[in-house]
Protein chains: 2
Amino acid sequence: MAGLTAPLLGLQKKSLREQALSALRTAITSGELAPGRHLVETELSEMLQISRGTLREALRQLEQEGLLSAGPRGRLSVRHLDEKEIRDIYAVRAALESLAARTLCELADRQHVTESLHAAIDAMGSAADGTLEERIESDLEFHRTLCRLTGNETLLHSWESLEGSIRMSIMFAGLEKGVSNMSVDRHRDIVAAIDTGDAGLARKTILEHMDSAAANLVS
Amino acid sequence: MAGLTAPLLGLQKKSLREQALSALRTAITSGELAPGRHLVETELSEMLQISRGTLREALRQLEQEGLLSAGPRGRLSVRHLDEKEIRDIYAVRAALESLAARTLCELADRQHVTESLHAAIDAMGSAADGTLEERIESDLEFHRTLCRLTGNETLLHSWESLEGSIRMSIMFAGLEKGVSNMSVDRHRDIVAAIDTGDAGLARKTILEHMDSAAANLVS
DNA sequence: CGAACTACGACTGTAAACAGTCGACTTATG
DNA sequence: CATAAGTCGACTGTTTACAGTCGTAGTTCG
């Protein structure tokens with residue numbers, strides 16, 4: 001957990017709360033804070049060098065993101081996912097992203113969407129030879145872009161609320177399994193489907209992509 | 001705003017934070033705290049008779065639920081929805097609930113689902129002659145039940161995270177418009193579709209229901 | 001008269017202290 | 001020896017106090 005010790009000093013652009021939030025999220029989704037681990041407020045606040053009050057605000061947010069689960073007397077621990085929960089998370093993710101795909105097909109300014117998606121694909125191509133972490137990041141960035149381009153802030157926000165759970169799913173299943181269907185080609189198919197403007201096809205492509213992703217994770 | 005003054009005394013089952021959360025959520029979705037209104041921490045903490053620290057934890061959660069928007073220097077104000085945002089919220093809601101409908105069709109224990117849904121419909125029938133607020137509550141309870149019965153905790157949680165925004169949408173559009181398509185018959189159609197076990201039909205029924213609900217709100 | 005400058009007030013960000021509760025360990029008691 | 005009472009320690013819930021910042025109104029100087 002050495003990575004957690006005072007990673008907040010310097011870069012004072014964001015509030016301590018936001019920095020703590022990022023640090024904790026990273027620590028959890030990277031496995032540094034293992035599932036099931038009990039979190040002690042005084043311990044964390046000391047590690048992060050922030051006060052408990054500030055820390056607690058961050059914890060409340062993580063709790064709502066589903067990364068932490070509350071036990072008796074408010075004791076927090078890192079959430080542990082079983083296979084059913086991973087499938088459930090991916091079912092919701094699929095519903096959100098299929099909405100994104102459908103929306104993009106019906107959008108007025110398709111030109112901009114196409115360009116942005118191709119740029120995102122190119123970014124994935126650059127990361128294809130990178131580490132597992134880099135490939136995961138570029139994959140998530142692609143899917144986040146999918147949601148962002150719809151212009152539906154609520155959709156993007158819902159997806160981002162789920163992002164932590166998605167990352168935990170990948171972590172839980174093992175990074176190797178997690179990246180197994182993050183190939184650039186797979187994503188090219190998605191972009192191609194959206195490019196056709198056929199909402200039904202785009203939706204179907206996304207759903208299949210998510211199905212296979214979920215299947216890879218729990219198999 | 002008199003309703004906000006110390007509504008927390010008594011019922012000490014939940015923590016002050018949770019009570020404040022409920023009180024604020026109700027105040028916002030009931031219009032007691034109007035959209036665009038600036039929230040001052042010291043002011044609110046005095047009204048609710050809780051400390052700022054405790055209040056801030058509740059505010060962070062409301063912020064993530066999309067009921068509050070943060071301005072410069074962390075200034076919070078009650079979020080204001082325009083028509084596009086309402087449509088966007090309902091698009092996400094439709095995606096979540098159509099997933100629920102599909103899932104319920106493919107569930108093993110259909111018997112329990114059917115019974116629970118009919119019970120929910122009956123509850124709506126009892127509230128049909130009640131006040132606008134009661135009808136809205138029973139409607140939301142029906143849709144929440146839809147999500148809960150899937151057994152997908154993530155889906156339920158995502159829906160509940162959106163519930164505040166849904167309530168704001170209804171508020172914003174005016175309660176009369178909001179309840180216009182909350183008839184018991186409309187919901188019977190949904191239950192009937194799920195009863196058939198035809199996932200495609202159930203999804204289609206929900207989507208139409210949501211489309212018409214959204215159309216009513218913004219028209 | 002107007003522009004810059006200063007002093008004040010209003011809030012949020014952050015920290016530190018206080019209070020209450022549950023569990024574990026110890027001790028007394030039959 | 002087993003059980004019940006009591007004590008200690010560890011945490012969370014909550015409050016109070018302090019620091020920093022931005023806007024604003026009033027004031028001075030050109």
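Here is how names work: the chains are called A, B, and so on, in the same order as the sequence lines, proteins then strands, and each is numbered from 1.
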Kindly write out the residues that satisfy side chain to side chain donor-acceptor pair (under 3.5 Å) with A:Arg167, not counting sequence neighbours, or none if the list is empty.
A:Glu137, A:Glu163
Determine which pairs satisfy ring pair (Phe, Tyr, Trp, His ring centres under 6.0 Å) with at least one residue from residues 120-165 of chain B, sequence neighbours left out, and list them in order.
B:Phe142-B:His187, B:His143-B:His187, B:His143-B:His209
Applying side chain to side chain donor-acceptor pair (under 3.5 Å) to A:Asn152 and not counting sequence neighbours gives none
Suppose the criterion is ring pair (Phe, Tyr, Trp, His ring centres under 6.0 Å): which pairs have a residue in residues 16-43 of chain B, not counting sequence neighbours?
none
Within the sub-3.5 Å range, which N or O atoms of nucleotides 6-8 of chain C have a protein N or O partner, and how far apart are they?
none

May I have the distance from A:Glu63 (atom CD) to D:dT12 (atom P), rounded to whole angstrom?
12 Å
Suppose we screen for side chain to side chain donor-acceptor pair (under 3.5 Å). Which residues come up paired with B:Arg102, at least two apart in sequence or across chains?
none
Looking at B:Arg135 and B:Asp139, is any side-chain nitrogen of the basic one under 4.0 Å from a carboxylate oxygen of the acidic one?
no
Applying ring pair (Phe, Tyr, Trp, His ring centres under 6.0 Å), which residue pairs with at least one partner in residues 51-100 of chain B are found, sequence neighbours left out?
B:His80-B:Phe172
Would you give a per-nucleotide map of nucleotides 10-15 of chain C, 5' to 3', where B means the base has a protein non-hydrogen atom under 4.0 Å away, S means only the sugar-phosphate does, and - means neither?
-SBBBB
All side-chain contact (heavy atoms from CB on, under 4.5 Å) counterparts of A:Glu141, not counting sequence neighbours
A:Arg144, A:Thr145, A:Arg148
